[in-house]
Amino acid sequence: MHVFTWSPRLGEGEGSAGYSPPAARVALVGHRGARGLWPENTVPGFLGALAAGANVLELDLHLAQDGVPVVCHDPDLPFAGRRISVSSRPAAWWAGIDVGSAVDPRFPERIPIAATVPSLATVLSAVRDSGLDPGWLLELKQSPDPAGSTGPDPGVFAAAVAGDVRKAGLVHRSVAISFDTGLLEAVHRHGLATGLLLEPGTPGGPEEHVARLGHRPTSLGPHYSLVDAEFLRAARREGLLVIPWTVNEPDLMERLLLLGVDGVTTDRPDLAARVFDRVLGDGWDRVAS
Ligand code: G3P
Ligand code: CA
């Protein structure tokens, strides 16, 4: 087994212009696992992403009714013909709900399989039990749900996520990411490395983005349309890793790798692994052989 060598700590102190991290550190990030291949944000999806070549797993988090972080993208999920707020049921209830069998026409190559909504702790231990040790990009979502809730208190949410990561012994392998600066401040106070996500069209450069936070993040996760050579140079001056999302076209993956990004977040880790092999050669590591 190849051990993934990327670590969020690599960003610290690397602030000089022109710094370019060794290719072995480049992260192939499986978005929601391998969203284009397997049901997203599910245990089989995460294991499938690693088998396809990912060395980092991205996942989305909400708090269930009992305060347990659960892994799903939306604040509500379909059940029996209607949508149910994630925060209205405990994690054990969600662990019995199948979200994997439905066909998604946006991803014709995805294989539907029965798979339920896991807790964060379940995902971390299932991957650990598989013998693999990837990096983690853990996205804390703060979205209002249809019932009008604005989401959990940031401090409560951050404490729950950091607690699970710490119990799993994965603080050194994890970056908590979010579009929400309040959540990032909270999770930073709980001792996790942070990464600020940027929507397409977000104005300003890396300096301005960092200035919105009261601490120095480890990474920026811009939409790929925001990334060019100047953005990367400015991020290097700030000592930040740059890991754009969500890149599914091989030509675009190649262009970004040649620009010098620190990782690529993709729904198709299988396609990305081929591009990484071609562009980086031996200079990157899978975690699954
Ligand atoms: O990693 C960033 C990316 O996941 C943000 O978009 O909507 O897929 O969570 P979304
Ligand atoms: Ca996400």
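Whatever order the structure lists ligands and atoms in, that order sets their numbers, starting from 1.
The CG atom of Asp228 lies 8.0 Å from the CZ atom of Arg233; values are rounded to the nearest 0.5 Å. For the atom pair Glu139 CD and Asn41 CG, the distance stands at 9.5 Å (nearest 0.5 Å).
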Starting from the N and O atoms of ligand 1, find every protein N or O within less than 3.5 Å and list the pair with its distance.
| from | atom 1 | to | atom 2 | distance (Å) |
| --- | --- | --- | --- | --- |
| ligand 1 | 1 (O) | Glu58 | OE2 | 3.3 |
| ligand 1 | 4 (O) | His31 | NE2 | 2.8 |
| ligand 1 | 4 (O) | Glu58 | OE2 | 2.8 |
| ligand 1 | 4 (O) | Glu139 | OE1 | 3.4 |
| ligand 1 | 7 (O) | His73 | NE2 | 2.7 |
| ligand 1 | 8 (O) | His31 | NE2 | 2.8 |
| ligand 1 | 8 (O) | Arg32 | NE | 3.4 |
| ligand 1 | 8 (O) | Arg32 | NH2 | 2.8 |
| ligand 1 | 9 (O) | Asp60 | OD1 | 3.3 |
| ligand 1 | 9 (O) | His73 | NE2 | 3.2 |
| ligand 1 | 9 (O) | Glu139 | OE1 | 3.0 |
| ligand 1 | 9 (O) | Lys141 | NZ | 2.7 |

Atom pairs and distances, side-chain donor-acceptor, residues 182-201, under 3.5 Å, sequence neighbours left out:
| from | atom 1 | to | atom 2 | distance (Å) |
| --- | --- | --- | --- | --- |
| Glu185 | OE1 | His215 | ND1 | 2.9 |
| Glu185 | OE2 | Gly214 | N | 2.5 |
| Thr194 | OG1 | His215 | NE2 | 2.7 |

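Two residues are said to be in side-chain contact when any heavy atoms from C-beta on lie closer than 4.5 Å; Leu37 and Ile111 fail this criterion. The side-chain heavy atoms of Phe231 and Leu220, taken from C-beta on, include a pair separated by under 4.5 Å. In this structure the side chain of Leu140 never reaches within 4.5 angstrom of the side chain of Asp180, judged on heavy atoms.
By the criterion of a separation under 3.0 Å, the protein N/O/S atoms near the Ca ion (ligand 2) amount to Glu58 OE2, Asp60 OD1, Glu139 OE1.
Looking at His31, His73, Arg35 one by one, the single match for side chain to side chain donor-acceptor pair (under 3.5 Å) with Glu40 turns out to be Arg35.
Phe157 pairs by the ring pair (Phe, Tyr, Trp, His ring centres under 6.0 Å) definition with nothing, not counting sequence neighbours.
For the 3.5 Å distance criterion, the side chains of Asp285 and Asn55 fail to qualify, holding no donor opposite an acceptor.
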